[in-house]
Amino acid sequence: MPPARQSTARQPAAPTPRPPATTLRQRLAELRGPSVAPHPLDARALAALAANPGCKRRALLDGAGVDKGVLATALGSPAPFGQSQFAFMRGNAFEAKVKADGGAELLRLLYERLGGGAPEPAGDAATPDLSAAGPEGRAARTALALREATAAGGWALLDHPMLALEVAGSPAYLEPDAVVVHPDGRWTVVEIKSFPMIDASADASKVGAAARQAAVYVLALERVAAVTEGAEVGHQVLLVCPKDFSNLPTASVVDVRKQRAVTRRQLTRLTRIEDIAAELPEGTTFDPACAPDELDAAVAAVPPAYAPECLAACELAFHCRAKSRAEGAVEALGRSVRGELGGLTTVAGVLAAAAGKEGDPADPTVAALRRAAALRAEALESAAALRAGSLGDHTGSGDDGTGGTGGTGGAAGTAGAGGTAGADGAGGTGSAAGTAGAGGAGGAGSAGGADGAGRTGSAAGTAGASEGRS
């Protein structure tokens with residue numbers, strides 16, 4: 001029997017295994033640097049991120065856990081951030097005063113402004129112990145204390161609780177000054193600041209920063225409240241500050257719904273930072289151990305949204321400001337100016353449009369710039385004409401020549417418009433009040449003719465009696 005013929009059909013090649021896709025966490029670790037630990041986010045960083053939602057640079061660096069302070073130092077533009085030791089001590093002393101006696105003063109202030117129809121808190125308000133090992137343990141202990149206090153139906157004060165909030169796939173641990181549980185199950189965030197409230201009003205920028213920071217805590221509390229029966233997070237926070245110029249506490253209620261919505265949108269954007277990272281060149285890293293030129297190129301690959309307000313909130317602000325100024329970007333002049341200039345993005349372009357060298361005359365922005373330039377030129381011409389006329393009034397001219405000026409006085413300054421001219425030569429000029437200072441004698445004017453008398457008045461109104469002779 002002949003042997004069976006083997007099939008000569010070509011067998012399909014086995015598919016080559018595809019390399020596993022790089023996860024977001026791996027990609028962020030590559031950007032941060034393989035040997036660099038992630039820099040944890042806190043409420044201040046998240047609040048600053050919400051204050052500038054259009055900045056892709058900050059979103060990527062914060063999402064990757066890059067320490068922007070170390071990065072700014074490596075780039076040669078360190079930011080002088082931080083509080084003085086005195087400010088820390090003053091803030092801690094004020095917070096201890098507010099929370100003394102089981103938080104009696106704090107609960108009184110809260111009840112006066114947000115008590116509603118609940119019974120007044122007595123001295124038996126619960127203050128649960130929140131100590132535990134590590135931030136994860138403290139966050140779990142805080143969540144348990146919140147559930148127990150809500151179920152108890154009384155007042156409870158949680159001092160420095162630990163909250164967890166997921167940011168770009170990683171947990172960020174946040175520590176508010178205090179959280180108060182109301183008998184009706186409502187939770188209120190308390191922010192204690194050391195800047196003063198003068199006549200029941202505080203610095204608007206500082207209040208805004210505190211509101212953005214408290215909004216982050218509200219978002220973190222909402223995650224716990226979602227799994228706690230009968231719990232509700234209040235959107236009004238209690239801001240406690242020193243009253244006037246004393247160390248006595250006073251409080252104000254701040255609605256943070258707007259700041260909460262902005263922060264929520266920003267956190268949603270952070271979950272899409274993979275799209276921002278995908279646009280970077282291959283091999284981009286923000287490892288501080290790299291050469292400054294390499295770091296500068298890596299940072300420049302991520303577009304910023306610089307504004308002067310960044311100087312108070314971002315460690316990279318000085319680097320971004322230097323680059324913005326070098327490029328002549330109008331963003332360095334502020335967000336309001338940038339918004340008014342429309343499609344004009346550089347200072348050179350704005351000046352060219354104002355001078356009539358560039359731009360569409362039908363553009364309202366260009367027309368407004370040219371009108372402003374014309375008004376400025378008109379004002380400068382008027383000022384120059386007035387200055388020339390004023391100089392003419394101060395000069396006395398004779399028939400044959402100019403006489404000498406009178407001696408300068410003391411406090412009265414130089415001569416004014418009241419000088420007299422001699423017959424053949426100008427005499428010394430005198431002001432309406434006399435050019436000489438108090439007790440100072442006027443200098444004699446030179447006489448061009450026989451009778452040209454140079455007279456100047458003193459502060460007392462005396463006239464020089466000597467006549468100038470040729």
Side-chain angles (χ1 to χ4, degrees), residues 41-53 98 103 106-118 121 139 142-143 145-147 149-151 153-167 172-193 197 200-241 249-270:
L41 284 173
D42 56 9
R44 288 180 182 271
L46 292 175
L49 186 63
N52 192 5
V98 172
L106 175 58
L107 291 173
R108 182 189 67 81
L109 291 172
L110 185 138
Y111 181 76
E112 288 179 356
R113 290 156 178 81
L114 292 171
T142 297
L146 286 169
R147 288 193 289 268
T150 303
W155 291 96
L157 173 63
L158 279 67
D159 185 11
H160 284 287
M162 182 66 72
L163 307 173
L165 183 64
E166 186 174 343
V167 179
Y173 293 99
L174 315 170
E175 188 176 358
D177 293 327
V179 172
V180 176
V181 179
H182 297 242
D184 59 358
R186 184 158 43 101
W187 301 349
T188 298
V189 173
V190 178
E191 273 291 283
I192 302 175
K193 298 296 183 183
M197 280 189 191
S201 179
D203 185 274
S205 62
K206 295 180 179 179
V207 173
R212 290 190 294 271
Q213 188 174 341
V216 178
Y217 301 137
V218 169
L219 284 175
L221 277 174
E222 287 178 346
R223 298 183 65 216
V224 184
V227 294
T228 303
E229 184 179 357
E232 177 190 3
V233 181
H235 295 154
Q236 291 182 317
V237 303
L238 188 72
L239 178 62
V240 181
C241 299
T250 186
S252 178
V253 176
V254 181
D255 194 314
V256 298
R257 280 177 292 185
K258 179 180 177 181
Q259 292 82 358
R260 169 186 166 275
V262 173
T263 306
R264 181 184 289 277
R265 286 197 301 269
Q266 269 301 89
L267 295 181
T268 304
R269 277 186 74 244
L270 282 180

Roughly how far, to the nearest 0.5 Å, is CD of Q266 from CG of N52?
8.0 Å

Quick one: side chains of residues 208-220, donor-acceptor pairs under 3.5 Å with protein atoms, not counting sequence neighbours, listed by atom name and distance.
| residue | atom | partner | partner atom | Å |
| --- | --- | --- | --- | --- |
| Q213 | OE1 | K193 | NZ | 3.3 |
| Q213 | NE2 | Y217 | OH | 3.2 |

Hits for side-chain hydrogen bond (donor to acceptor under 3.5 Å, both in side chains) against R113, two or more places apart or cross-chain, chain-then-number order -> none

Report the distance from atom CE of M197 to atom CG of D203, rounding to the nearest 0.5 Å.
11.5 Å

By side-chain contact (heavy atoms from CB on, under 4.5 Å), A156 pairs with (sequence neighbours left out) A126, A149, L158, V181

Can you say whether the rings of H182 and W155 are parallel (under 30°), tilted (30 to 60°) or perpendicular (over 60°)?
tilted

Applying ring pair (Phe, Tyr, Trp, His ring centres under 6.0 Å), name anything that partners W187, two or more places apart in sequence or on another chain.
none

Close side-chain approach of V190 to V237, heavy-atom, < 4.5 Å:
no

To the nearest 0.5 Å, tell me how far E191 CD sits from S252 OG.
13.0 Å

Can you pull the salt bridge (Lys or Arg N to Asp or Glu O under 4.0 Å) pairs that have at least one residue in residues 223-234, sequence neighbours excluded?
none

Pairs under 3.5 angstrom only: tabulate donor-acceptor contacts from the side chains of residues 172-179 to other protein residues two or more places apart or in another chain.
| residue | atom | partner | partner atom | Å |
| --- | --- | --- | --- | --- |
| E175 | OE2 | R138 | NH2 | 3.4 |
| E175 | OE2 | H160 | ND1 | 3.3 |
| D177 | OD2 | I192 | N | 2.8 |

Assess the residue pair V180 and L107 against the criterion (side-chain contact (heavy atoms from CB on, under 4.5 Å)); give the C-alpha distance rounded to whole Å, side-chain angles, the decisive distance to 0.1 Å, and a yes or no.
CA-CA 8 Å; V180 176; L107 291 173; 4.0 Å; yes

Should the pair R44-D42 be classified as a salt bridge under the 4.0 Å nitrogen-to-oxygen rule?
no

With rounding to the nearest 0.5 Å, note down the distance linking CD in E222 to CG in L163.
11.5 Å

Candidate pair V224 and V233, rule side-chain contact (heavy atoms from CB on, under 4.5 Å), full reasoning
CA-CA 9 Å; V224 184; V233 181; over 6 Å; no

Check whether any side-chain heavy atom of V240 lies under 4.5 Å from a side-chain heavy atom of L106, and answer yes or no.
yes

Heavy-atom closest contact (L238 atom, A251 atom, distance)
CD1-CB, 3.7 Å

